[in-house]
Chemist: 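Handing you this structure, nothing more for now.
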Amino acid sequence: MGPFPRGGRAVASVLLFMFFIAGAIAVAAAEMQKLRTLVHPGEKAPGFSLKDVDGNTVAYRPGHGEPALVVFLSVFCPMCREMMPGIERFAARHGKTVRVVGVNLDGKRFSNAVRAWMKETSPGIPIGLDEIMDDFFIASDPYGVEKTPTAVLVDANGFVRGAWAAESLHDFERNADALVADLRKRPAARQ
């Protein structure tokens, strides 16, 4: 007779299996809690610091008196390529009022493709390469970015004023001038 009473080995196996499943569920739940949905108006925007394809820092610190449009994109995304001229026109029209910052989700692994795309398109805005740290993207996961392109408008106080993903970016483009006019009406609060 072994260390387990009759039938005890089966019970121990079932208990061990149940413990394993409960642990896996707990880990999955904790991981899912870290993932979030796309930011909503009124939320404080997260900051980030990334490197561009040349190793220069592209940082965004919300709430320092400067509104910003943070654009999340991929060079492999046809809609991102379609939307970039509109973002560039926005930056040309409103760049003195709203800082435009790009975040590329392709990351360092595809930096050669990003470099080629930048040479081809000359976007005219700083674009940082998002990085994975502890299984999460540094910039895009805190914003809840699930698809590209995504744009988030942040006011001078660091609060999200609007977020648009994929097809809804056309709404942003149609209303961009009015959105910027509204930002100008509401100056940054003194810190």
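Because only heavy atoms are used, hydrogens play no part in the values below, and waters and symmetry mates are left out as well, while side chains stay in. This one's a predicted model, so the numbers in the text were calculated from it and none came from an experiment.
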Chemist: Say you draw a straight line from CD of Glu173 to CD1 of Ile87; how long is it, rounded to the nearest 0.5 Å?
Modeler: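 Interatomic distance, Glu173 CD to Ile87 CD1, rounded to 0.5 Å: 6.0 Å.
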Chemist: Closest heavy-atom contact between Glu88 and Ser122?
Modeler: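 So the minimum-distance heavy-atom pair works out to OE2-O, 4.2 Å.
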Chemist: Nearest heavy-atom pair of Arg36 and Pro142: which atoms, and what distance?
Modeler: CD-O, 2.9 Å
Chemist: Got a donor-acceptor contact below 3.5 angstrom from the Thr121 side chain to the Trp117 backbone?
Modeler: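 Here the side-chain-to-backbone pair exists.
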Chemist: Is the backbone of Arg161 close enough, under 3.5 Å, to the side chain of Asp155 for a donor and an acceptor to pair up by distance?
Modeler: no
Chemist: For the residue pair Lys44 and Asn157, what are the closest heavy atoms and their distance?
Modeler: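 Lys44 and Asn157 have their closest heavy atoms at NZ-O, 2.9 Å.
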Chemist: Taking side chain to side chain contact (heavy atoms under 4.5 Å, CB included) as the criterion, tell me which of Val160, Val180, Val70, Val98 meets it with Leu153.
Modeler: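 Exactly one pass, corresponding to Val98.
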Chemist: Under a 4.5 Å side-chain heavy-atom rule over Ile, Leu, Val, Met, Phe, Trp and Tyr, are Phe72 and Phe110 clustered together?
Modeler: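 Hydrophobic grouping puts Phe72 apart from Phe110.
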Chemist: Would you say the side chains of Asn56 and Asp54 form a donor-acceptor pair under 3.5 Å?
Modeler: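 No, because no side-chain N or O of Asn56 sits under 3.5 Å from a partner of the opposite role on Asp54.
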Chemist: What closest approach, in Å, do Pro123 and Met118 show between heavy atoms, and which atom pair accounts for it?
Modeler: CD-O, 3.7 Å
Chemist: Might you point out which heavy atoms bring Pro41 and Gly162 nearest each other, and give the distance in Å?
Modeler: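 Of all heavy-atom pairs spanning Pro41 and Gly162, the closest is CG-CA, 4.2 Å.
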Chemist: Can you tell me how far apart CG (Leu50) and OG1 (Thr57) are? Round to the nearest 0.5 Å.
Modeler: 9.0 Å
Chemist: In a check of side chain to side chain contact (heavy atoms under 4.5 Å, CB included) between Asn104 and each of Val75, Thr148, Val58, Asp130, which one passes?
Modeler: Val75
Chemist: Heavy-atom count around Arg61 CZ within 6.0 Å, excluding the residue itself: above 12?
Modeler: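 Yes.
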Chemist: Just verifying a value: how many Å separate Leu179 CG and His94 NE2, rounded to the nearest 0.5 Å?
Modeler: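 Reported value, rounded in 0.5 Å steps: 9.0 Å.
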Chemist: Under a 4.5 Å side-chain heavy-atom rule over Ile, Leu, Val, Met, Phe, Trp and Tyr, are Tyr143 and Ile132 clustered together?
Modeler: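 No, Tyr143 does not connect to Ile132 through the hydrophobic network.
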Chemist: Determine, using the 4.5 Å side-chain heavy-atom cutoff (strictly less than), whether Phe136 and Val145 are members of one ILVMFWY cluster.
Modeler: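 No, it is not one cluster - the side chains of Phe136 and Val145 are not joined through contacts under 4.5 Å.
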Chemist: How long is the gap from NE2 on His64 to CZ on Arg99, to the nearest 0.5 Å?
Modeler: 11.0 Å
Chemist: So which heavy atom on Val53 is nearest to which on Arg115, and how close?
Modeler: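 That closest heavy-atom pairing would be O-NH2, 2.8 Å.
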Chemist: Rounded to the nearest 0.5 Å, what's the gap from NZ on Lys108 to CG on Leu129? Could you check?
Modeler: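 So the NZ of Lys108 and the CG of Leu129 are separated by 8.0 Å.
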Chemist: Flag the pair Phe48 / Val101 as yes when at least one side-chain heavy-atom distance between them is below 4.5 Å, and no otherwise.
Modeler: yes
Chemist: If you group Ile, Leu, Val, Met, Phe, Trp and Tyr by side-chain heavy-atom gaps below 4.5 Å, do Ile125 and Tyr60 land in one group?
Modeler: no
Chemist: What's the separation between atom CZ in Phe172 and atom CZ in Phe90, rounded to the nearest 0.5 Å?
Modeler: 4.0 Å
Chemist: In the single-linkage hydrophobic clustering (I, L, V, M, F, W, Y; side-chain heavy atoms under 4.5 Å), do Val100 and Phe159 co-cluster?
Modeler: no
